[in-house]
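Sequence lines set the chain letters: A, B, ... in the order given, protein chains first and strands last, and positions in each chain run from 1. Predicted model, so just to flag it, every value in this text is computed and none were measured.
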2 protein chains.
Amino acid sequence: MPSPTTENYLKAIYALAERDTNRPLVRLGELATELKLTPGTITTMIRSLAERDLVTYQPRAGVKLSAKGNQEALQVLRRHRLIELFLVEVMKMDWSEVHEDAEALEHAVSDKFLAKMDEMMGYPTEDPHGDPIPVAGAEIPASQTRKLSDVPSGNYQLSRVNDQDPEFLDWLSASGLRPGTRFAVTSHDPRSGVLLLQLEGGAAELPIGIGAAKNIRVKPLGTH
Amino acid sequence: MPSPTTENYLKAIYALAERDTNRPLVRLGELATELKLTPGTITTMIRSLAERDLVTYQPRAGVKLSAKGNQEALQVLRRHRLIELFLVEVMKMDWSEVHEDAEALEHAVSDKFLAKMDEMMGYPTEDPHGDPIPVAGAEIPASQTRKLSDVPSGNYQLSRVNDQDPEFLDWLSASGLRPGTRFAVTSHDPRSGVLLLQLEGGAAELPIGIGAAKNIRVKPLGTH
DNA sequence: AAAAATAGTTTGAATATTCAAAATAAACTG
DNA sequence: CAGTTTATTTTGAATATTCAAACTATTTTT
Ligand SMILES: [Mn+2]
Ligand SMILES: [Mn+2]
Ligand SMILES: [Mn+2]
Ligand SMILES: [Mn+2]
């Protein structure tokens, strides 16, 4: 029912709100950046989303998804992530290249096709980048993960990675980092902006810049 | 590059031109019916297609695909048919329900995804309804088949069926008719508008109306 | 050949989406 | 707090796609 454009806006609002958890409002400027559109365009479109009760709009302050908008966003996200996993698992595409394909297919797949994919993969709960696949009714549990860039030295397990940048994803897999990988943060120098990681079974330490580390979410492991 | 709308117009022009082979021009009224749009809309859009050199437009007479438009149409058709086969073969969907899905997906699949499907199915040459799957450079050979409605008594093999109507396709499979099926036309009564078919290994004769028979294309078999 | 029917085109208008540039409000700064 | 910077909104305009209704050309009937 909603147009691809509408779906993309709702998804973007959801993603930005989730980015830094519990932000009450998403600012329109952030949306303009995320969607690569001019600010005026965003204002216009948000007005229209508000009229359709998909968002709550407070001029000059920001937007928030309504219950209806949130549900809609989750459905698109479900499609997006199930498609990404399907492309990797079934079609044997690389995890670095599936995001863009999913971005288009999420607006075109039927419920039937989606159900077949779901069944074929055994009702998976996470996409190739470690993001949870939303389910029809159920809520998504608030992510207990932290950004790798914010975390003190210690042991961690890689949980989720930002899927937008193919180069970054290629580097990750080449370095042996993907969802599930365990490693220790051995040092974190804010002045140089470099963290050192010791991968489980990895010989040398792996340096990673703070910028890149912001795109990785980890789960703390006990220091056993 | 072309919008989904443009792709659908080109595909429709191609389909109508192929319907009754070698018709020099497709009339805009036919397009209006096929695409379920008003005549004025068609005129407007055809003007725009002509400006982009995708069609040759002779006002009040009709349109014809240009070389460029033809190539574009074949690409969409290739996607459509490969997707249909994929949905049947890989996703185990019913042949009666895949056309609509393919109608949307044909505008959303990437070259990479398409290549994976093609490879996965072993570079097939026909879709589930018996229609040829166009290949990159190659021409589609002029169909040597005839409409079942136009054919005299004799032995035939079912070649292609119109894929638009799910009810019709359900009836076909329930009756044991699909591409490849051999049968004899035992009688054809133009007054009642009914043909009788004797399926290979079928007990009773199968009656089929002329209207339905127009949607079936057959290949004559020697009367051995 | 005129009248009637059919097919196609024009016109005027609407919706959805987007941009550039001007105007305005809010936040920050010295 | 006045001035400056930044974020957002407004305004005016464009493109793509569609419709309804009026108009026109073509074909078919008397
Ligand atoms: Mn993605
Ligand atoms: Mn998208
Ligand atoms: Mn089809
Ligand atoms: Mn289509």
Side-chain angles (χ1 to χ4, degrees), chain A residues 1-13 16-17 19-20 23-65 68-69 72-73 76 103-104 106-108, chain B residues 1-13 16-17 19-20 23-65 68-69 72-73 76 103-104 106-108:
Chain A
M1 193 76 55
S3 70
T5 301
T6 296
E7 292 188 340
N8 285 335
Y9 273 76
L10 296 177
K11 194 152 64 77
I13 297 168
L16 289 170
R19 202 101 100 204
D20 301 277
R23 192 148 65 313
L25 291 178
V26 173
R27 313 195 113 277
L28 301 215
E30 300 179 79
L31 272 173
T33 306
E34 177 83 3
L35 295 170
K36 297 189 218 299
L37 297 170
T38 60
T41 298
I42 304 293
T43 304
T44 304
M45 191 57 74
I46 289 297
R47 271 240 216 70
S48 144
L49 294 181
E51 251 158 47
R52 284 176 282 164
D53 290 308
L54 292 166
V55 301
T56 295
Y57 172 40
Q58 298 187 246
R60 295 212 119 97
V63 269
K64 199 168 100 60
L65 290 174
K68 201 164 95 183
E72 206 62 73
V76 186
E103 203 58 57
E106 67 191 0
H107 313 291
Chain B
M1 192 74 57
S3 69
T5 300
T6 295
E7 293 188 339
N8 285 334
Y9 274 76
L10 296 176
K11 196 154 61 79
I13 297 169
L16 288 170
R19 202 101 100 204
D20 300 277
R23 192 147 64 314
L25 291 177
V26 172
R27 313 195 112 277
L28 302 215
E30 300 178 79
L31 273 172
T33 307
E34 178 82 1
L35 295 170
K36 296 189 221 298
L37 297 170
T38 60
T41 298
I42 303 294
T43 303
T44 305
M45 190 59 73
I46 289 298
R47 269 239 217 71
S48 145
L49 294 181
E51 251 157 49
R52 285 176 280 163
D53 290 309
L54 292 166
V55 300
T56 295
Y57 171 40
Q58 299 189 246
R60 296 214 120 93
V63 268
K64 199 169 101 60
L65 290 174
K68 201 164 95 182
E72 206 61 73
V76 185
E103 203 56 57
E106 67 191 0
H107 313 291

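Between A:E34 and A:K11 there is no salt bridge, since no side-chain N of the basic residue sits under 4.0 Å from a carboxylate O of the acidic one.
The side chain of A:P39 lies closest to D:dT9, out of D:dT9, C:dT9, C:dT17.
Taking side-chain N and O atoms only, A:Y57 has no distance below 4.0 Å to OP1 or OP2 of D:dT8. Between A:S48 and C:dA16 there is no side-chain N or O to OP1 or OP2 distance below 4.0 Å.
Distance, A:Q58 CD to C:dA26 C1': 15 Å, rounded to whole Å. Atom CG of B:L31 and atom P of C:dT9 are 11 Å apart (whole Å). For the pair B:I42 CD1 and C:dT11 C1', the interatomic distance rounds to 18 Å; values are reported in whole Å. Atom P of nucleotide D:dT17 and atom CD of B:E51 are separated by 12 Å, given to the nearest angstrom. If you take CD of A:E30 and P of D:dT6, they are 17 Å apart, rounded to a whole angstrom. Rounded to whole Å, the distance from CD1 on A:I46 to P on D:dT9 is 9 Å. A straight line from NE2 of B:H107 to P of D:dT17 spans 12 Å, rounded to a whole angstrom. Distance, A:R47 CZ to C:dT15 P: 15 Å, rounded to whole Å.
Residues A:V76 and A:N8 fail the side-chain proximity criterion, which asks for heavy atoms closer than 4.5 Å. Using a 4.5 Å heavy-atom cutoff, the side chains of A:L54 and A:L65 are not in contact. Within the 4.5 Å cutoff, side-chain heavy atoms of B:Y9 are placed close to those of B:L35. Residues A:L25 and A:Q58 meet the side-chain proximity criterion, which asks for heavy atoms closer than 4.5 Å.
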Salt bridge (Lys or Arg N to Asp or Glu O under 4.0 Å) between A:R52 and A:E72, worked out
CA-CA 12 Å; A:R52 284 176 282 164; A:E72 206 62 73; over 6 Å; no
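Residues passing the side chain to side chain donor-acceptor pair (under 3.5 Å) test with B:T41, sequence neighbours excluded: B:T38.
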Using a 4.0 Å heavy-atom cut-off to protein, can you give one letter per nucleotide of nucleotides 18-29 of chain D, 5' to 3': B if the base is in contact, S if only the sugar-phosphate is, - if neither?
BBS---BSS---
